[in-house]
Colleague: 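Can you keep this structure in mind? I'll have questions shortly.
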Amino acid sequence: MPTRCVVYSDLPHGAPMTVRTRFAPSPTGYLHIGGVRTALFNWLFARQRGGQFILRIDDTDVARNVDEALQPILDGLRWLGIDWDEGPGVGGPHAPYFQSQRADRHKAAAARLLATGHAYRDFARPEEVDEERKAAQAAGRPFLYSRRFAAFTDADAARFEAEGRPSFVRLKMPREGSLVIDDAVRGRVEFAWEREQDHVIQRADGSCLYHLASVVDDHDLAITHVIRAEEHLSNTPRQAFIATSLGYPLPAYAHLPLVAEPGSRTKLSKRKLAQYLKNNDFKQVMDHGLRIAERMGVSADADTFNPVIVDFYREVGYLPWAIDNYLALLGWSYDDKTEFFSREELTRHFTLERINASPASFDPKKLWAVQDHYMAMLTADERLAMMLPFLARAGLVADPATPGERETVRKVIEASGDRLKVAGDILAYADFFLVDEPAIDPAAVKQRLAKPGVRALLEAFSGALAAVEPFEPPMIEAALKQVVEAAGLKVGDLVHAVRVAVTGKTVGPGLYDCLAILGRERSLDRIRRALPACEPIG
RNA sequence: GGCCCCAUCGUCUAAUGGUUAGGACAUCGCCCUUUCACGGCGGUAAUCGGGGUUCGAAUCCCCGUGGGGUCACCA
């Protein structure tokens, strides 16, 4: 290893090498929003350069059921449209794409490192290293393993073995000089070798640790650009040491700014949901999701029903591209005003150069705004296709929906306009058209129905409604205005009461649309049934 | 604590060393309006501090301060 080694942020010009990036999640059972951002940037960069995006599963240390823990991650990426050229489910020329299945390669690399003197067998017991560590700490100096149980000769090894000590393998890190990497987003970063530990790369049982495995796999998969979160920046020296010791060319590195908590710079974590809920924007988005889950009768399992986890957005009915577009803006920008990009535009414009180096806090309200924008661009048919499954899940329509149900829902969608922000919102706007006896909000009754004069007004309107022909919004509006004028009142005085009588709520699409969709008979029936509630309370 | 990274409105961000420091979300006010939502108009709001370099610094350098990441036989 040269005392100074410069890693370039991109490949030399003229090298006709295809860009290959990877996302290497470990099977944790869920897809974290920060992980998605990393995957997205890798994907975008590969696509922009006409290269390949590889999905590798870093399951080196898993004791759990990998399939079960992997599925949500694969599903999440697919849902978001982040497709991989090689990896689980699609295979590829460098298979297998599971780290656990590459153990032989890792072991061979460890053996080579040992043979070339870049690593050594160590016979220290954990507590013996801990003692050194504590002593260094107490003395106020940086810890550096003494290597006193390192076997640099066969004689050493024989002696330690005679003591019955198990051995494992450590890196023999340089203790002079420094490593300089030219990070694509951070620029030049220098690390002194004397601060780097002799990391363990292979356990006594022969299994290899993450850093070795990762470097070997990246090389075997011909990864050219390692684009990952900033938390890995300090891992880079040991990985660069492993790679160069093995004779591998170094990949280019790009360390992405962390996705931080709302209103903070701390790394976003799914475990701190309770704390994030104190943030009003976060709470609003969460509560909205909770209401939708409740209407569908879905249990909002805190483990995945969490705005830090991608599943949340799928459950609630966000558009996958809205999430991609929002996440692309978290740490990256195109110019001073463009915020919305089609898939093609984004893959055309994306560059590593325009990635920001400082942490970016996750703002669920801004994501909401991006979602709003894309939702508004959908046609009624597109929304219908998107929303029907939510209604079916809530038991409000058959699965598949009958032609009649589809027609009704389509009308509701058209009448609802921009009110539907996420697919799950249809539940709140369509229910009273799909059930015979909609739930009545008591507060709405008190506010709009239980007042003097309301009953007579509703009765008069019923009479007018019975004669409206055709039963369409403009005519219904005219009839209502006539009743109101005859009574010497304002439109609002009747509209609100009719709305509550008919829908049970104070909010919804335009009233005339509601009545038209409901039809004459059902409208009259509901008004009739609401009349007893019009008696003033007390 | 060591090492490393970061620092423009509350948030995401823009600004070849020369701009009245721009946009978006959020927020506030007004308008539109049958509710809600949308929409329209307008407002509040930022270069962490101190030194340099320079005719000129958000921008380059240094020092502080603050925040963050990382220091496993986890990944």
Side-chain angles (χ1 to χ4, degrees), chain A residues 24-28 58-62 99 122 124 126 129 133 136-137 140-143 166 168-170 183 185-187 189-192 194-197 199-205 207-211 213-214 229-237 255 257-258 260 262-267 279-281 326 329-340 354 356-370 372 376 416-421 425 428-429 444 448 477 480-481 484 490-500 503 505-512:
Chain A
S26 58
T28 51
D58 282 5
D59 57 346
T60 305
D61 191 54
V62 281
Q99 198 158 66
D122 191 35
V129 178
R133 202 188 315 268
Q137 210 160 37
R141 60 182 158 76
F143 166 69
F168 52 95
V169 181
R170 278 188 194 277
D183 189 277
V185 344
R186 263 144 243 285
V189 184
E190 183 164 3
F191 298 88
E194 61 180 346
R195 289 282 182 274
E196 296 299 320
Q197 304 298 322
H199 298 279
V200 175
I201 54 173
Q202 188 173 29
R203 300 183 181 94
D205 67 2
S207 61
C208 294
L209 278 329
Y210 169 74
H211 293 290
S214 180
E230 199 216 80
E231 55 193 289
H232 285 288
L233 185 55
S234 48
N235 293 331
T236 307
H255 287 94
L258 248 30
S264 157
R265 312 259 93 155
T266 309
K267 185 167 69 171
N279 173 296
N280 199 42
D281 291 345
Y326 168 71
L329 261 18
L330 216 51
W332 177 85
S333 65
Y334 175 62
D335 60 14
D336 60 339
K337 42 181 70 76
T338 315
E339 296 212 287
F340 300 111
R354 289 198 64 89
N356 216 79
S358 49
S361 26
F362 176 66
D363 180 355
K365 220 42 193 300
K366 177 95 180 199
L367 167 55
W368 176 263
V370 174
D372 189 9
S416 298
D418 293 323
R419 276 165 275 243
L420 303 167
K421 305 297 186 192
D425 285 341
Y429 285 92
R448 300 298 189 188
E477 178 174 5
L480 183 136
K481 282 187 170 154
V484 164
K490 285 178 295 184
V491 169
D493 296 326
L494 217 202
V495 162
H496 298 301
V498 174
R499 176 184 297 285
V500 173
T503 72
K505 308 179 188 194
T506 55
V507 303
L511 179 68
Y512 311 124

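A quick note: this is a predicted structure, and the numbers were derived from the prediction, not measured. Note on naming: letters A, B, ... go to the chains in the order of the sequence lines (proteins, then strands), and numbering restarts at 1 for each one.
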Colleague: Quick check on B:C3: is either OP1 or OP2 less than 4.0 Å from any side-chain nitrogen or oxygen of A:R141?
Modeller: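 So the side-chain polar atoms of A:R141 never come under 4.0 Å of the phosphate oxygens OP1 or OP2 of B:C3.
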
Colleague: Here's a test of your reading of the structure: between A:Q137 and A:F362, which maps to the more 5' nucleotide of RNA chain B?
Modeller: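 Here A:Q137 is the residue nearer the 5' end.
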
Colleague: Does the plane of the ring in A:H199 sit parallel, tilted or perpendicular to the ring in A:H211? Use 30° and 60° as the thresholds.
Modeller: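 Ring orientation of A:H199 relative to A:H211: tilted.
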
Colleague: Is A:K505 touching bases, backbone alone, or none of the nucleic acid, heavy atoms closer than 4.0 Å?
Modeller: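 Since no nucleic acid heavy atom lies under 4.0 Å of A:K505, the category is nothing.
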
Colleague: Students often get this wrong, so: under 4.0 angstrom with heavy atoms, is A:D418 touching a base, only sugar-phosphate, or nothing?
Modeller: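 Result for A:D418 = sugar-phosphate.
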
Colleague: Could you give the distance separating B:G66 and B:G50 at their P atoms, to the nearest angstrom?
Modeller: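 Result for the P pair: 16 Å, nearest Å.
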
Colleague: With distance as the sole criterion, do the side chain of A:K366 and the base of B:A24 form a donor-acceptor contact below 3.5 Å?
Modeller: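 Counting by modelled atom types and ignoring angles, a donor-acceptor contact under 3.5 Å is found here.
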
Colleague: Which is true for A:G140 with a 4.0 Å heavy-atom rule: it touches a base, it touches only sugar-phosphate, or it touches nothing?
Modeller: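 No contact.
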
Colleague: Mind calculating the distance between CG (A:D59) and C1' (B:A75) to the nearest angstrom?
Modeller: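 So the two atoms are 11 Å apart, to the nearest Å.
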
Colleague: Can you tell me which nucleotide in B:U34, B:G23, B:C38 comes closest to the side chain of A:L511?
Modeller: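 For the A:L511 side chain, the nearest candidate turns out to be B:U34.
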
Colleague: Considering only NZ, NE, NH1 and NH2 on the basic side and carboxylate oxygens on the acidic side, decide whether A:K267 and A:E230 come within less than 4.0 Å.
Modeller: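 No, no charged N to carboxylate O under 4.0 Å.
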
Colleague: Provide the distance between the two P atoms, one in B:C9 and one in B:U33, to the nearest whole Å.
Modeller: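 Between the two P atoms, the distance is 39 Å.
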
Colleague: Give me the distance, rounded to whole Å, that separates B:A45 from B:C3 when you measure between the P atoms they each carry.
Modeller: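 Approximately 41 Å lies between the P atom of B:A45 and that of B:C3.
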
Colleague: Mind listing the closest non-hydrogen atom pair of A:N235 and A:E231 along with its distance?
Modeller: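 Closest approach of A:N235 to A:E231, heavy atoms only: ND2-O, 4.2 Å.
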
Colleague: Whole angstroms only, please: what is the CG-C1' distance between A:D336 and B:C9?
Modeller: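 After rounding, the gap between these two atoms is 16 Å.
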
Colleague: Taking the side chain as everything from C-beta on, heavy atoms only, tell me whether A:L233 gets closer than 4.5 Å to A:F191.
Modeller: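 Yes, their side chains come closer than 4.5 Å.
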
Colleague: With both distances kept under 3.5 Å, what pairs with B:G2, Watson-Crick or G-U wobble?
Modeller: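 B:U70 is the nucleotide pairing with B:G2.
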
Colleague: Are A:D205 and A:S207 linked by a side-chain donor-acceptor pair shorter than 3.5 Å?
Modeller: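 Indeed, the side chains of A:D205 and A:S207 share at least one donor-acceptor pair under 3.5 Å.
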
Colleague: Applying a 4.0 Å non-hydrogen cut-off, can you work out what A:R499 is touching in the nucleic acid: base, sugar-phosphate, or nothing?
Modeller: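 Here A:R499 touches the bases of the nucleic acid.
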
Colleague: Any strand is fair game: report the nucleotide pairing with B:A46 by Watson-Crick or G-U wobble, both distances under 3.5 Å, or none.
Modeller: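 Partner of B:A46: none found under 3.5 Å.
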
Colleague: Base, sugar-phosphate alone, or nothing: which one does A:P257 contact when heavy atoms must sit under 4.0 Å apart?
Modeller: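 Contact class for A:P257: none.
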
Colleague: Among B:C25, B:C3, B:U35, which nucleotide sits nearest the side chain of A:R195?
Modeller: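 Of B:C25, B:C3, B:U35, B:C3 is nearest to the side chain of A:R195.
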
Colleague: Write down the distance separating the C1' atoms in B:A75 and B:A57, rounded off to the nearest Å.
Modeller: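 So the two C1' atoms sit 44 Å from each other.
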
Colleague: Need one value for A:G508: base, sugar-phosphate or nothing, where a base atom within 4.0 Å counts as base even if backbone is also close, heavy atoms only.
Modeller: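 The residue A:G508 makes base contact.
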
Colleague: Write down the partner of B:A15 under the Watson-Crick or G-U wobble criteria, each distance required to be under 3.5 Å.
Modeller: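 With both distances under 3.5 Å required, B:A15 matches none.
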
Colleague: As a test of reading the structure: which of B:G22, B:A26, B:C6 is closest to the side chain of A:K365, going by heavy atoms?
Modeller: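 Of B:G22, B:A26, B:C6, B:A26 is nearest to the side chain of A:K365.
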
Colleague: Provide, to the nearest angstrom, the distance between the CZ atom belonging to A:F340 and the C1' atom belonging to B:C12.
Modeller: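 Value for this atom pair: 12 Å.
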
Colleague: Which is more 5' along RNA chain B, the nucleotide nearest A:R203 or the one nearest A:Y429? Just name the residue.
Modeller: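 The residue mapped nearer the 5' terminus is A:Y429.
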
Colleague: Between B:C73 and B:G67, how many Å separate the two P atoms, rounded to a whole number?
Modeller: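 Their P atoms lie roughly 30 Å apart.
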
Colleague: Please report the shortest heavy-atom distance between A:D58 and A:S26, naming the atom on each side.
Modeller: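 So the minimum-distance heavy-atom pair works out to O-CB, 3.1 Å.
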
Colleague: Considering only side-chain heavy atoms of A:E339, which listed nucleotide, B:G22, B:A24, B:C36, is closest?
Modeller: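 Given the options B:G22, B:A24, B:C36, the side chain of A:E339 is closest to B:A24.
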
Colleague: Taking B:G23 as the reference, what is the distance to B:C61 when you measure between their C1' atoms (whole Å, please)?
Modeller: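 It comes out at 31 Å once rounded to the nearest Å.
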
Colleague: In the 5'-to-3' direction, what one-character label does each nucleotide of nucleotides 61-72 of chain B receive under the scheme B = base within less than 4.0 Å of a protein heavy atom, S = sugar-phosphate only, - = no such atom?
Modeller: ------SSSS-S

Colleague: Determine the minimum heavy-atom distance between A:G510 and A:R499, stating which atoms define it.
Modeller: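 In terms of heavy atoms, the two residues are closest at C-NH2, 4.0 Å.
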
Colleague: Can you tell which of B:A14, B:C38, B:A75 lies closest to the side chain of A:R354?
Modeller: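 Closest nucleotide to the A:R354 side chain: B:A14.
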
Colleague: Does A:A124 reach a base, just sugar-phosphate, or nothing at all? Heavy atoms under 4.0 Å.
Modeller: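 Since a base atom lies under 4.0 Å of A:A124, the category is base.
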
Colleague: Taking the P atom of each, how far is B:G17 from B:C31, in whole Å?
Modeller: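 Taking atom P in both B:G17 and B:C31, they lie 46 Å apart.
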
Colleague: Paired with B:C41 by Watson-Crick or G-U wobble geometry, both distances under 3.5 Å: which nucleotide is it?
Modeller: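 Across all strands, the one nucleotide that pairs with B:C41 is B:G29.
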
Colleague: Can you tell me how far P of B:C4 sits from CZ of A:F191, to the nearest Å?
Modeller: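 Value for this atom pair: 8 Å.
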
Colleague: Calculate the interatomic distance between A:L480 atom CG and B:U34 atom C1'; express it in whole Å.
Modeller: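 A:L480 atom CG is separated from B:U34 atom C1' by 8 Å.
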
Colleague: Using a cut-off of strictly less than 4.0 Å, decide whether A:S361 has a side-chain nitrogen or oxygen near OP1 or OP2 of B:C12.
Modeller: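 Result: yes.
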
Colleague: Atom OH of residue position A:Y334 - does it have more than 12 heavy atoms of other residues, nucleotides or ligands inside 6.0 Å?
Modeller: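 No, not enclosed.
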
Colleague: Determine the minimum heavy-atom distance between A:G331 and A:A360, stating which atoms define it.
Modeller: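 Minimum heavy-atom separation between A:G331 and A:A360: N-CB, 4.2 Å.
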
Colleague: Determine the minimum heavy-atom distance between A:R203 and A:F168, stating which atoms define it.
Modeller: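 For A:R203 versus A:F168, the nearest heavy atoms are C-CB, 3.9 Å.
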
Colleague: For a quick check under 3.5 Å, do A:T266 and A:S264 share a side-chain donor-acceptor pair by atom type?
Modeller: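 Side-chain D/A pair, A:T266 to A:S264: present.
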
Colleague: So which nucleotide does B:U65 pair with, by the Watson-Crick or G-U wobble rule with both distances under 3.5 Å?
Modeller: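 Checking every strand shown, B:U65 finds its partner in B:A7, with both distances under 3.5 Å.
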
Colleague: Quick one: label A:Y512 by what it contacts on the DNA or RNA (base, sugar-phosphate, nothing), any heavy atom closer than 4.0 Å.
Modeller: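 Base, at least one base atom sits under 4.0 Å.
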
Colleague: What is the distance, rounded to the nearest whole Å, between atom CH2 of A:W368 and atom P of B:C12?
Modeller: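 In whole Å, B:C12 P and A:W368 CH2 are 21 Å from each other.
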
Colleague: Please give, in whole Å, the distance from B:G10 C1' to A:D363 CG?
Modeller: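 After rounding, the reported distance stands at 10 Å.
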
Colleague: Closer than 4.0 Å, any side-chain N/O of A:N356 to the OP1 or OP2 of B:A14?
Modeller: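 It does, given that an N or O in the side chain of A:N356 lies less than 4.0 Å from OP1 or OP2 of B:A14.
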
Colleague: Name the pairing partner of B:C60, where a pair is Watson-Crick or G-U wobble with both distances under 3.5 Å, or state none.
Modeller: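 Paired with B:C60, as far as the under-3.5 Å criterion goes, is B:G52.
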
Colleague: Between B:G10 and B:U27, how many Å separate the two C1' atoms, rounded to a whole number?
Modeller: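 Their C1' atoms lie roughly 9 Å apart.
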
Colleague: Figure out the CZ/C1' separation between A:F143 and B:G2, and round it to whole Å.
Modeller: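 The answer, rounded to whole Å, is 13 Å.
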
Colleague: Please work out if A:R186 contacts a base, only the sugar-phosphate, or nothing of the nucleic acid, heavy-atom cut-off 4.0 Å.
Modeller: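 Sugar-phosphate contact only - A:R186 comes under 4.0 Å of backbone atoms but never of a base.
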
Colleague: Identify whether any heavy atom of A:T506 sits under 4.0 Å from a base atom; if not, whether one sits that close to sugar-phosphate; answer base, sugar-phosphate or nothing.
Modeller: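 Touches a base.
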
Colleague: Taking the side chain of A:D58 as its heavy atoms from C-beta onward, which of B:C25, B:A75, B:U34 lies nearest to it?
Modeller: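 In terms of side-chain proximity for A:D58, the closest of B:C25, B:A75, B:U34 is B:A75.
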
